[in-house]
Colleague: 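Below is the structure I would like to discuss, written out as structure tokens.
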Amino acid sequence: MMKKSIYQLLNEVETDFREYEQAELSSREKEYHKQKFLMEVKRMDKMNRKNKNRKVWKIAAGMAAACVLTAGVTSIANPVLAKEIFSSVFGNLVENAQGEKYEKEDTEMYTKLGKSATSVQDEISRQEEQGGYVTTMENNGVTVSVSDIYCDGYVLYYTASIKTDKGELNQADGIITETKEGSNPSIAIDGTRLSGYSSKAFDKSNDGSFVTINQVDLLNPTDTMEKPIDLKVGEKDTLVVDWDVKQFVGYLWDQRDESGEYVSTGKVEGDWHLRFPVTVDKSANESFDINKEENGIKVKSAVKTKAGLLVEIELPDFTKEPYNDPYNDPDMGIKDSEGNWLQWMNQKTDLHEDGTSTIQIMVLYDGEKNLTFDVTTKDEDQVSLASIGFQVP
């Protein structure tokens with residue numbers, strides 16, 4: 001008997017959905033929950049691996065890496081060198097990635113963004129009116145700071161760090177800002193409160209600080225009612241970001257309680273409000289046409305930015321002939337010349353009444369010239385629906 005794929009097993013589960021209230025998720029919500037799922041998978045992977053000598057191993061790896069010259073973003077970066085080239089926060093992010101399962105992917109992301117980012121103090125110095133910004137705030141024994149900013153008009157990343165003498169947080173492996181009780185952080189751009197953003201846990205670094213990087217979607221932003229909003233990014237050079245956090249909760253990533261939840265070391269409640277400017281830097285953005293089609297799938301055009309590549313694609317209704325995918329959900333993405341998937345950064349999907357759609361996929365980009373947009377079915381056969389090669393000028 002042929003082994004069944006996870007997709008077949010899930011599709012064969014019989015569930016009476018009449019018992020559930022139906023709700024259509026927006027594309028923003030789908031991307032938000034996808035990132036949350038990926039974060040959980042990473043944490044579960046950490047829990048399942050041996051950690052007793054983790055810190056010692058990281059220090060040894062950092063010392064060994066100091067003896068090696070690194071070349072290019074795709075190589076495994078030297079954590080010590082990273083702290084000299086980038087801010088200490090980006091350096092700590094690179095260092096924390098060493099020895100982890102996703103070391104290569106995370107290092108590529110942090111290194112590329114670190115080289116393209118601007119310090120928040122440089123951002124403020126660019127502004128004619130420099131008052132009213134708060135990039136560091138202390139409350140209830142916890143100091144939160146915003147450090148670096150990357151914004152190309154399609155996606156915004158900012159790094160942040162926590163320093164505290166609170167034992168309930170200091171003994172944690174990581175700190176999160178979102179909890180089941182609903183005391184979640186909120187973010188606003190130019191006074192418009194957004195429905196959410198992709199936030200990662202603050203992970204502890206060897207210097208005692210906790211560091212993270214957050215992503216804000218500028219390609220398809222929605223307000224708190226999940227309605228699309230126009231931030232008019234193309235009409236201005238500067239955005240003002242307000243970031244509010246109400247509590248921090250510490251967790252141990254390698255310990256779970258009887259209910260299967262990560263063991264919490266405690267929480268600290270308070271009110272942290274940070275405000276900082278963001279310069280929308282489109283100086284490196286370069287648009288170009290592609291216009292290649294295969295099997296009803298068309299790659300139209302792309303925009304190259306400092307750290308990413310945004311590709312626009314027209315997709316057919318995959319539920320119809322000749323695809324016959326009842327879920328209208330094939331696997332798709334962009335590969336390099338060696339067949340490696342480029343990392344996802346952002347995505348926007350526009351569904352049309354006839355079942356077709358237009359999508360924009362943004363991936364981490366570092367100068368690869370020959371790329372392929374690849375589409376395959378999600379069944380065990382992984383049938384190729386399209387493999388469209390294109391070149392980046």
Colleague: Charged N to carboxylate O under 4.0 angstrom, K246 versus D271?
Modeller: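 Counted as a salt bridge, because a side-chain N and a carboxylate O are separated by less than 4.0 Å.
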Colleague: With heavy-atom distances below 4.5 Å as the criterion, would you say the side chains of T319 and P326 are in contact?
Modeller: no
Colleague: Under 4.0 Å between a side-chain nitrogen and a carboxylate oxygen: does that hold for E261 and R256?
Modeller: no
Colleague: Between the side chains of D366 and K112, is the shortest nitrogen-to-carboxylate-oxygen separation below 4.0 Å, so that they form an ion pair?
Modeller: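 D366 and K112: salt-bridged.
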Colleague: Under a 4.5 Å side-chain heavy-atom rule over Ile, Leu, Val, Met, Phe, Trp and Tyr, are L342 and I297 clustered together?
Modeller: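 Linked, L342 and I297 end up in one cluster.
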Colleague: Output yes when K267 and E269 qualify as a salt bridge under the 4.0 Å nitrogen-oxygen rule, no when they do not.
Modeller: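 So K267 pairs with E269 through a salt bridge.
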Colleague: Should F248 and I162 count as side-chain neighbours, where that means a heavy-atom distance under 4.5 Å?
Modeller: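 A side-chain contact under 4.5 Å exists here.
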Colleague: W243 pairs by ring pair (Phe, Tyr, Trp, His ring centres under 6.0 Å) with which of F276, W272, Y158?
Modeller: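 The passing option is Y158.
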Colleague: Under 3.5 Å, is there a donor-acceptor pair between the D374 and T372 side chains?
Modeller: no
Colleague: State whether R126 and D237 are salt-bridged, where the test is any N-O pair (Lys NZ or Arg NE/NH1/NH2 against Asp/Glu carboxylate O) under 4.0 Å.
Modeller: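 Answer for the salt bridge query: no.
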Colleague: Establish whether V155 and V363 are linked, either directly or via other cluster members, by ILVMFWY side-chain heavy-atom contacts under 4.5 Å.
Modeller: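 No, V155 and V363 fall in different hydrophobic clusters.
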Colleague: May I have the step-by-step check of side chain to side chain contact (heavy atoms under 4.5 Å, CB included) for V94 and T111, ending in yes or no?
Modeller: CA-CA 7 Å; V94 171; T111 305; 4.3 Å; yes
Colleague: Under a plain distance cut-off of 3.5 Å, with no hydrogens placed, do S195 and T222 share a side-chain donor-acceptor pair?
Modeller: yes
Colleague: Looking only at side chains, do S357 and H352 share a donor and an acceptor under 3.5 Å apart?
Modeller: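 No, H352 and S357 have no side-chain donor paired with an acceptor closer than 3.5 Å.
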Colleague: Report the distance from atom CG of L93 to atom CG of D106, rounding to the nearest 0.5 Å.
Modeller: 9.0 Å
Colleague: Does the pair D329/K378 count as a salt bridge with the N-to-O cut at 4.0 Å?
Modeller: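 Judged by the 4.0 Å cut-off on N to carboxylate O distance, D329 and K378 do form a salt bridge.
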Colleague: Please examine the side chains of D331 and V375, heavy atoms only from C-beta on, and report whether any two atoms are closer than 4.5 Å.
Modeller: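 The answer is no, as the side chains (C-beta and beyond) never meet within the 4.5 Å cut-off.
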Colleague: Is there a side-chain contact between F90 and I213, using heavy atoms and a 4.5 Å cut-off?
Modeller: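 Yes; the side chains approach each other to less than 4.5 Å.
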Colleague: If hydrophobic clusters are built from ILVMFWY residues whose side chains come within less than 4.5 Å, do I175 and L252 share one?
Modeller: no
Colleague: Starting at CD of E105, measure out to OH of Y110 and round the result to the nearest 0.5 Å.
Modeller: 11.0 Å
Colleague: Apply side chain to side chain contact (heavy atoms under 4.5 Å, CB included) to the pair N140 and V142, showing each step before the final yes or no.
Modeller: CA-CA 6 Å; N140 203 9; V142 180; 5.6 Å; no
Colleague: Just by distance, no angles: are the side chains of D379 and Q382 close enough, under 3.5 Å, to form a donor-acceptor pair?
Modeller: no
Colleague: Assert yes or no for the condition that the ring centre distance of F202 to F210 is strictly below 6.0 Å.
Modeller: no
Colleague: In plain terms, say whether R275 and D242 are close enough for a salt bridge, that is, a side-chain N and a carboxylate O under 4.0 Å apart.
Modeller: yes
Colleague: Which pair of non-hydrogen atoms, one from T279 and one from Q127, has the smallest distance, and what is that distance?
Modeller: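 Between these two residues, the closest heavy atoms are OG1-NE2, 3.8 Å.
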Colleague: Nearest 0.5 Å, what's the OG1-CG distance between T305 and L310?
Modeller: 8.0 Å
Colleague: Is any side-chain N of the basic residue among D152 and K304 closer than 4.0 Å to the acidic one's carboxylate O?
Modeller: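 Here D152 does not pair with K304 in a salt bridge, since their nearest N and O are not under 4.0 Å apart.
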Colleague: Do the non-hydrogen side-chain atoms of K306 and D281 ever get within less than 4.5 Å of each other?
Modeller: yes
Colleague: Is V299 reachable from Y323 through a run of hydrophobic residues whose side-chain heavy atoms are each under 4.5 Å from the next?
Modeller: yes
Colleague: Determine the interplanar angle of the Y157 and Y150 rings, folded into 0 to 90°, and report it as parallel if under 30°, tilted if 30 to 60°, perpendicular if over 60°.
Modeller: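 Answer is tilted, since the angle falls between 30° and 60°.
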Colleague: Are the side chains of L315 and I359 in contact, using a 4.5 Å heavy-atom criterion?
Modeller: yes
